[in-house]
Amino acid sequence: MSGPRFRFAPSPTGFFHVGGARTALFNWALARRLGGRFVLRIEDTDEARNRPEWTEGIISALEWLGISSTDPTFEGPYLQSDNAAAHLEAARSLVSSGQAYWCAMTPEEIAERATAEETTGYGGWSRDLGLEEGPGRVLRFRVPEGETMVIDSVRGEVVFDNSVIEDFVLVRGNGTPVFNLANVVDDRLMGITHVVRAEEHLSNTPKQQMLWEALGHVPPAWGHVPVLVNEQRKKLSKRRDKVALEQYREEGYLAEAMVNYLMTLGWSAGDDIEIRPWSEIESLFRLEGVNLSPAFFDVRKLGAFNGEYIRMMSPEEFTAECERWVPDSWDRDRLAIIAPHLQPRLVTFSDLEGTVDFLFGPVSMDQASWDKAMTSEFAPSLLVATRTAYADLPEWSAEALKQALESEMEPFELKLGKAQAPVRVAVTGRTVGPPLFESLEALGRDESLARIDSAITRLLG
RNA sequence: GCCCCCAUCGUCUAGUGGCCUAGGACACCACCCUUUCAAGGUGGCGGCACGGGUUCGAAUCCCGUUGGGGGUGCCA
């Protein structure tokens, strides 16, 4: 078991946060490039323990991102709760070495003292009281004097004055260990050498580092990456923002696009290239190159990346992917005919169904489109003429369809762009959509003619 | 309140004292192409938060101000 060990420690909440996804990717890239391990540890809470599907969700989300649990780089998942005994044991060792002590002050009393303005709250009240362990009593860490320097690969050296750090709780009144303790003990037990996580943890890092040292070990290398924020520049929250990775997956964003986009938030390889395959990202990624300020998660740019990745797919890949996003009842051959024309038009695959549904079921006529296309002077006669020409067309192909309409529109002195409008609306129900003649070809002669007929009937009464 | 972090176009970023009249991408606008809509091509709009230093020279270094963010729990 050699080589650096990076840990990723999400807490299951029923969805996988995009910010967490980026942190996971950072750790994964590092572990892969350095020939180390990506250690997944689930911070399972009481609630999560009763919902194994939450943990499964994390695994499947990671899998989607390309962080495969079957890859040799991947280790885990471990459950934090499995180590509960070790957490407490570490706490006890701190008591016997005098680095932790029992405290009887209740949260209410602390709040009272805080408002009384005489102290900051707890203020080390039972530091030297020599209290014994007892019901409801908490174990506190005896913060030493001096200062704590956190050496951070992203931010450099950050110094904290220990006097501003309260004697924090290690074990709750109910006997359970607290996050900071559990984390340190787990990291140590698992031989973690690098802790790369979001910046929101930076202020708590001196506490964890003191714990490492109090336990007699050398702390890991830290790396605090900036958080992801929304338009209001607030940390992304589930309440107000679309943060669930699963939701993007369901909307038809490609994993490769999501991964690539996430990696550009707060990091760049130092050149002008943004779109690049994971293999390159992996070999280029450096913690030292990570930005220091929060980044806005811009769905529009994600969409642009997704479009790029869609266009990069081979026609076969694209068609195969399309089939996954469309009802089973839809004719696959017909879908394959139109697919090439859809590829440059899609932003996400969830857009697919709505843009070609007219090929697979009855037209739903958009009233505004009808009004716009059918009120022109030439619409009725052109439609009739085109219908006649189409009925006798020897070959039902896009090219023939186009030529036929072009010759019918001549007397009206129109451009193709205008002339195709009535036919388009008659057949697709909308003014915008995939290329018309290719759509007609896919639809077939009978259905196309029927739709034009029904439009003519509606137009002429 | 106290502590910590941060600050280049609207957004994501390049930039580590002279190559910067600050580069790219997304978005936006215009034009071209065109079978609507896209895609593609060309061009445009737009930024170093502010004030002091240091220096021959500052987006880059230092100090301050302002502004943002995070932390400060018997949350994780």
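Here is the naming used below: chain letters follow the sequence lines, and residue numbers restart at 1 for every chain. Just so we're clear, the structure is a prediction, and the values are computed from it rather than from any experiment.
- The gap from the C1' atom of B:rC50 to that of B:rG67 amounts to 10 Å, rounded to the nearest Å.
- In this model, a side-chain donor or acceptor of A:Glu274 finds a partner on the base of B:rG24 within 3.5 Å.
- Of the candidate nucleotides B:rC37, B:rA39, B:rG24, B:rA39 has the atom lying nearest to any side-chain atom of A:Arg311.
- Note that A:Lys402 lies outside the cation-pi zone of A:Phe437, set by a 6.0 Å cut-off to the ring centre and a 45° limit from the axis.
- Taking atom CD on A:Gln403 and atom P on B:rU35, their separation rounds to 13 Å, with Å as the unit.
- Side-chain nitrogen and oxygen atoms of A:Arg300 include none within less than 4.0 Å of the OP1 or OP2 phosphate oxygen of B:rC12.
- Rounded to whole Å, the distance from OH on A:Tyr261 to P on B:rC12 is 8 Å.
- When the P atom of B:rG70 is taken as reference, atom CZ of A:Phe160 falls 16 Å away, rounded to whole Å.
- Using a 4.0 Å heavy-atom criterion, one finds that A:His341 contacts no nucleic acid atom at all.
- Spacing of P atoms, B:rG51 relative to B:rU60, comes out at 13 Å, to the nearest Å.
- Set against B:rU35, B:rC6, B:rA76, the side chain of A:Pro294 has B:rC6 as its closest nucleotide.
- Base-pair partner of B:rG67: B:rC6 (Watson-Crick or G-U wobble, both distances under 3.5 Å).
- Note on A:Gly270: only backbone sugar-phosphate atoms sit closer than 4.0 angstrom, heavy atoms only; bases stay farther off.
- Of the candidate nucleotides B:rC6, B:rG73, B:rU11, B:rG73 has the atom lying nearest to any side-chain atom of A:Glu166.
- No contact: A:Met409 has no heavy atom under 4.0 Å from any strand.
- Closest contact between the side chain of A:Arg155 and the listed nucleotides B:rC5, B:rU13, B:rA27 involves B:rC5.
- If you check B:rC74, B:rG70, B:rG73 against the side chain of A:Ser203, the one that comes closest is B:rG70.
- Atom CD of A:Gln343 and atom C1' of B:rC37 are 16 Å apart (whole Å).
- Comparing B:rU54 with B:rG64, their C1' atoms sit 15 Å apart, to the nearest whole Å.
- Side-chain atoms of A:Ser268 lie closest to B:rU13 of the nucleotides B:rA27, B:rU13, B:rC5.
- Nucleotide B:rA25 is matched to B:rU11 when pairs are restricted to Watson-Crick or G-U wobble geometry with both distances under 3.5 angstrom.
- Taking atom P on both nucleotides, B:rG40 is separated from B:rC48 by 30 Å, rounded to a whole Å.
- A donor-acceptor contact under 3.5 Å is formed by the side chain of A:Lys301 with the base of B:rA25.
- With B:rG71, B:rU13, B:rG40 as the candidates, the nucleotide lying closest to the side chain of A:Ala295 is B:rU13.
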- Verdict with supporting geometry, A:Phe26 and A:Phe38, ring-ring contact (aromatic ring centres under 6.0 Å, His included): CA-CA 10 Å; A:Phe26 282 0; A:Phe38 172 94; over 10 Å; no
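- Rounding to whole angstrom units, CG of residue A:Asp44 and P of B:rA76 are separated by 11 Å.
- Distances were taken from every side-chain heavy atom of A:Asn204 (C-beta onward) to each of B:rC5, B:rA38, B:rA76; the shortest belongs to B:rA76.
- With B:rA27, B:rC12, B:rU36 as the choices, the nucleotide that has an atom nearest any side-chain atom of A:Phe296 turns out to be B:rC12.
- Rounded to whole angstrom, the span from the CZ atom of A:Arg424 across to the C1' atom of B:rA38 amounts to 11 Å.
- Separating the OH atom of A:Tyr122 from the P atom of B:rG73 is a distance of 12 Å, rounded to the nearest angstrom.
- A donor-acceptor contact under 3.5 Å links the side chain of A:Arg345 to the base of B:rU36.
- Base engagement by A:Glu438 is indicated by at least one non-hydrogen atom pair under 4.0 Å involving a base atom.
- Across all strands shown, A:Val159 has heavy atoms under 4.0 Å from sugar-phosphate atoms exclusively, and none from any base.
- A:His224 pairs with exactly one of A:His201, A:Glu199, A:Arg197 by the side-chain hydrogen bond (donor to acceptor under 3.5 Å, both in side chains) rule, that one being A:Arg197.
- As judged by a 4.0 angstrom heavy-atom cut-off over every strand, A:Gly307 is placed among residues making no nucleic acid contact.
- Comparing atom distances between the A:Asp298 side chain and each of B:rC12, B:rU11, B:rC6 picks out B:rU11 as nearest.
- Atom CH2 in A:Trp222 sits roughly 18 Å away from atom P in B:rC4 (whole-Å rounding).
- Proximity of A:Asn291 to the phosphate of B:rA14: a side-chain N or O atom is located under 4.0 Å from OP1 or OP2.
- Taking the P atom of each, B:rG18 and B:rC61 are spaced 12 Å apart, rounded to whole Å.
- Nucleotide B:rG46 forms no Watson-Crick or G-U wobble pair with any nucleotide shown, as no partner meets the under 3.5 Å limit on both distances.
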